[in-house]
Amino acid sequence: MKKINFYGPVLVLAAWLMPFAGYSAPPGNGAGIIFHNGNACRISSGPFVLSYKKGMNYIAVYRREEERADTGRYFRLHPGGGDQALDVFNTSRSLALHCTENSNEAVMKISGKRDWGSYQLIVTASKKEPGLINARIELQVAAGKSVPAALFAKGSPELSYARRYGKGFVFYLNSTPGSYTYHTAGDDRDSAAIVDRNQFVFMGDPSILKATLFQYVDFSSLNLYFTQTGSILLNTVQQPEGCLGVPRPPQEAGFDRFGFTTPTGRSAVRKAGNLLVSNTWLLLQPGVPGIHEPAKYSQRFIEGVAAVYDHIEKPTYKFVDWPRLTDKGLHDLEKLKHDQPGTAIIYPQANLWSLRKYQHDFASAPAEALLTGAEDSWARVQSALPYGDAWQYLYPLVMAGEYAAAYNSEPAKQAFLAAKENVLKVGAALNYVFPLRIAADFSNPGKFRNQYDCTGAFVYLTLLYHEMTGESRFLDSAKKAGDRLCQMGFEFPFEFTTTALGPLAMLRLYKITGDKKYLDAVSIPLAAIFRHSWLFNPSYGQYKGRTIFMLTEGMPGVYTNGWEEAALIRYLGLLLAEGKEMLGHTRSVMVTELLRWKCISGADGLAPLLPDPSIIYTGIPREWKIPIRRESYIPLEGFGYLEWDSSGQHHLPGRVSQSPYCFAMLPEAAFLLFHPVFDKTVLYCEVPITMMEKKSDAVDFMITGKGSYRCRLKNATENRVAVKSLQDGRAPALAKVAGTDWYSFQAEAGVRYRVYTY
């Protein structure tokens, strides 16, 4: 591989960065061409400039006010990586440079020829979203030609700083200083640590760009590349040296490189036509929150996800009839109860509340049968420590309090109130930070890492106690724990059973106290959830025909868990319902979209719906010692994107279990999206809706989100049911869904609709 000389291009850049006399640059808040002449191009993106001249082997990015001969004050973008055989900046290959702009974006395009065809590097700066930059590499493979696998020899990452200037970075993903969690417990050799397979680069640069830097690669758009070359996503995103506790020596003298690297090809590309091999998104936002300002940088992270979300490739939408699947699963639970006498089917901390609500909303006879005598299980809820993981103490008490309030259950109320004094003692003794395991004297003799999401669960739980008892001491304790949560960062999640309690707890604490810091802190656990939710949908290998987009890894870097998906669906749905305008547009829209896709991708956890049954584990699972049943609608544990697990324990869906405690995912998705409105009529929307008013002959609803969403009505024409917009009185067209008793229509977010009988 040709060695790159980094000194020549720097000297060229020294002159190139000088201002052009008499030229008026575009407004600082937009994007546009500053200069181009066929050999050089500069385009703006908000307060940032992207600069390239033939002979350089990267694109320089810098603040507009740094436009001078100080050549060290810039950041380098080398799409796809810096030392690959593809070498898109090689001027000996008939390199051409073009710059254009339209009403939406400014575009820099570099193209060249090879013996197998041609290629293009396309860099765009958004005019509507200043600081949002997309870089993509496309190959055009000629008929009868093939691209050798060696072309994709894994190179170095595509982002870099000169080391002497790139100091003082703020590594937000490292968590707040002094935290002790899964990726700070040790390195890959530490059995107590969970390897962080991170999708994102997110950091602050206070000295060069004076901005936060967010990078994401659109993995879904590279599916053809992965299929053609036999490559995979694993280890394609590299963090800067010092981030996430994983030291990585620089791959070039004097430069720190990080970000996306085009994966190593394992076979030649033989199919003619276009091939996208790199497609990354970079968001630069002026200003750099400090590491002790987690609410600010967490909100920026959510804004980064939102900025790229509208542009990335998503799976094909599919309707999942969750009530029908839930009924199938209920019959499977009944069969398991019959075939395995003595096996626990109903878990008060996992699926009792969900099954009771499903039975109530859908008048389900199978659910009613299963629930007979189930309230006796509340007597098993632990009222004092120690009890397994920290969340295993707090979460059943949350379930008991909610169940008692919703269904006037005396056994649940007794279990809930029996623990109230101990809960206060635990919180105060631990200063509201919970180790993985806690001794009876509230000590941590095993020196276990912390479960920071239990702080959010504690706030949530003490607010439940305050609501039931009216005692101010529980609110005081909730505020102390809430203050501690405000100091947390990306260390927040351990597993995701209690993580979604955090945003809802902080929202409720804000509504009670009026203190805006709690509303801002909603972003802290929410950002952690988005960080670990899969913003991609692979379609190669065992993922062909599957949908896993926006599932959240059950334990970071491992697999998806039906129990945790159920908790995320439930509490993020409540967050959306209770937050309304308080959450703000970005958070509301992104939670809406997350829930939309979870209720599609969750079907990937059901064995009968997987397109290839050979990928399902068929032995005795690691945790639940009952054989996997491929015909069962009890969710597999784990499922999802297992390629990132290197332990060998979770390499096939169902390798861990197929346990009833994961079942709540089905009814939670069912009553989040499906709403019985009249006799034998059900209203469905692909995202959560807000019921504005409900009468015996009319129901008004509105969608929180952005754009248009698919809705359905069951038995609409047979039951003489119609729908209309209350904004303009128009009736959306109802289209019969072939082979079903459903009728579909489109509804716009922010518009009030009425479903009514006539």
Side-chain angles (χ1 to χ4, degrees), residues 46-48 63 75 130-131 161 166-181 183-184 196 198 200-216 239-240 242-245 282-307 431-433 450 452-453 455-456 459 479-493 499 502-507 509-510 513-532 575 579 582-587 590-591:
F48 307 100
R63 293 288 293 237
F75 157 78
Y161 282 87
K167 299 294 185 181
F169 294 141
V170 184
F171 294 134
Y172 302 120
L173 298 183
N174 273 5
S175 307
T176 51
S179 60
Y180 187 62
T181 184
H183 63 66
T184 58
D196 193 317
N198 190 39
F200 306 97
V201 171
F202 181 51
M203 51 185 277
D205 168 16
S207 58
I208 307 301
L209 295 181
K210 302 179 182 65
T212 53
L213 183 154
F214 174 96
Q215 190 198 34
Y216 177 74
Q239 297 298 322
C243 186
L244 296 181
L282 187 67
L283 179 65
L284 304 175
Q285 293 179 282
V288 183
I291 195 64
H292 292 291
E293 299 177 286
K296 291 183 179 180
Y297 62 72
S298 293
Q299 178 63 23
R300 285 203 166 194
F301 183 85
I302 297 171
E303 291 167 357
V305 175
N431 195 25
Y432 310 103
V433 178
N450 295 323
Y452 292 92
D453 42 7
T455 301
V459 176
K479 288 191 289 186
K480 290 176 182 177
D483 292 343
R484 183 64 183 87
L485 190 152
C486 289
Q487 302 169 21
M488 295 178 177
F490 278 97
E491 69 266 25
F492 196 80
T499 307
L504 184 55
M506 300 308 277
L507 176 69
L509 194 54
Y510 164 70
T513 66
D515 193 331
K516 190 174 180 297
K517 69 180 178 183
Y518 298 130
L519 180 61
D520 293 339
V522 167
S523 294
I524 297 173
L526 202 56
I529 292 170
F530 279 108
R531 177 197 177 189
H532 293 289
L575 175 71
M582 289 179 288
L583 290 176
H585 180 74
T586 299
R587 291 188 294 196
M590 289 312 303
V591 171

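Not measured: the values here are computed from a predicted model. Values below: every heavy atom of this structure, side chains too, minus hydrogens, waters and symmetry copies. All residue numbers refer to positions in the sequence shown, counting from 1.
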Residue list, side-chain contact (heavy atoms from CB on, under 4.5 Å) with Ala505, at least two apart or on another chain: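 Once residues adjacent in sequence are excluded, the partners of Ala505 under the side-chain contact (heavy atoms from CB on, under 4.5 Å) criterion are Val459, Tyr460.
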Atom of [X], atom of [Y] and distance for their closest heavy-atom approach:
X: Ser175; Y: Ile291; value: O-CD1, 3.8 Å
X: Leu283; Y: Ala307; value: CD2-CB, 3.9 Å
X: Gln299; Y: Arg587; value: OE1-CD, 3.5 Å
X: Pro525; Y: Gly502; value: CG-C, 3.8 Å
X: Arg300; Y: Phe202; value: CB-CZ, 4.1 Å
X: Val288; Y: Gly204; value: CG1-CA, 3.8 Å

Short side-chain to backbone donor-acceptor contact, [X] and [Y], under 3.5 Å:
X: Arg63; Y: Phe48; answer: no
X: Thr455; Y: Tyr432; answer: yes
X: Asp520; Y: Val522; answer: no
X: Gln285; Y: Pro130; answer: no

State which residues pass side-chain hydrogen bond (donor to acceptor under 3.5 Å, both in side chains) with Tyr172; sequence neighbours excluded, sorted by chain then number.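 Checked Tyr172 against side-chain hydrogen bond (donor to acceptor under 3.5 Å, both in side chains); zero matches.
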Inter-residue atom distance [X].[atom1] - [Y].[atom2], 0.5 Å rounding:
X: Leu209; Y: Leu284; atom1: CG; atom2: CG; result: 6.0 Å
X: Met590; Y: Glu303; atom1: CE; atom2: CD; result: 11.5 Å
X: Ser298; Y: Phe490; atom1: OG; atom2: CZ; result: 5.0 Å
X: Thr212; Y: Tyr297; atom1: OG1; atom2: OH; result: 12.5 Å
X: Tyr452; Y: Glu491; atom1: OH; atom2: CD; result: 5.5 Å

Evaluate the side-chain proximity of [Y] to [X]: yes if any heavy-atom separation is below 4.5 Å, no if none is.
X: Asp515; Y: Tyr510; result: no
X: His292; Y: Pro177; result: yes
X: Arg531; Y: Leu173; result: yes

Residues Asp205, Leu213; criterion side-chain contact (heavy atoms from CB on, under 4.5 Å); working and verdict: CA-CA 7 Å; Asp205 168 16; Leu213 183 154; 5.8 Å; no
From CA spacing to verdict: side-chain contact (heavy atoms from CB on, under 4.5 Å), Leu282, Phe75: CA-CA 12 Å; Leu282 187 67; Phe75 157 78; 3.8 Å; yes
Review item, side-chain donor-acceptor pairs of residues 480-489, under 3.5 Å, at least two apart:
unit_1 : atom_1 : unit_2 : atom_2 : d
Asp483 : OD1    : Lys517 : NZ     : 2.9
Asp483 : OD1    : Tyr518 : OH     : 2.7

Using the six-membered ring wherever Trp is involved, compare the ring planes of Phe214 and Phe200 and label them parallel, tilted or perpendicular (cut-offs 30° and 60°).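 Rings of Phe214 and Phe200: tilted, 30 to 60°.
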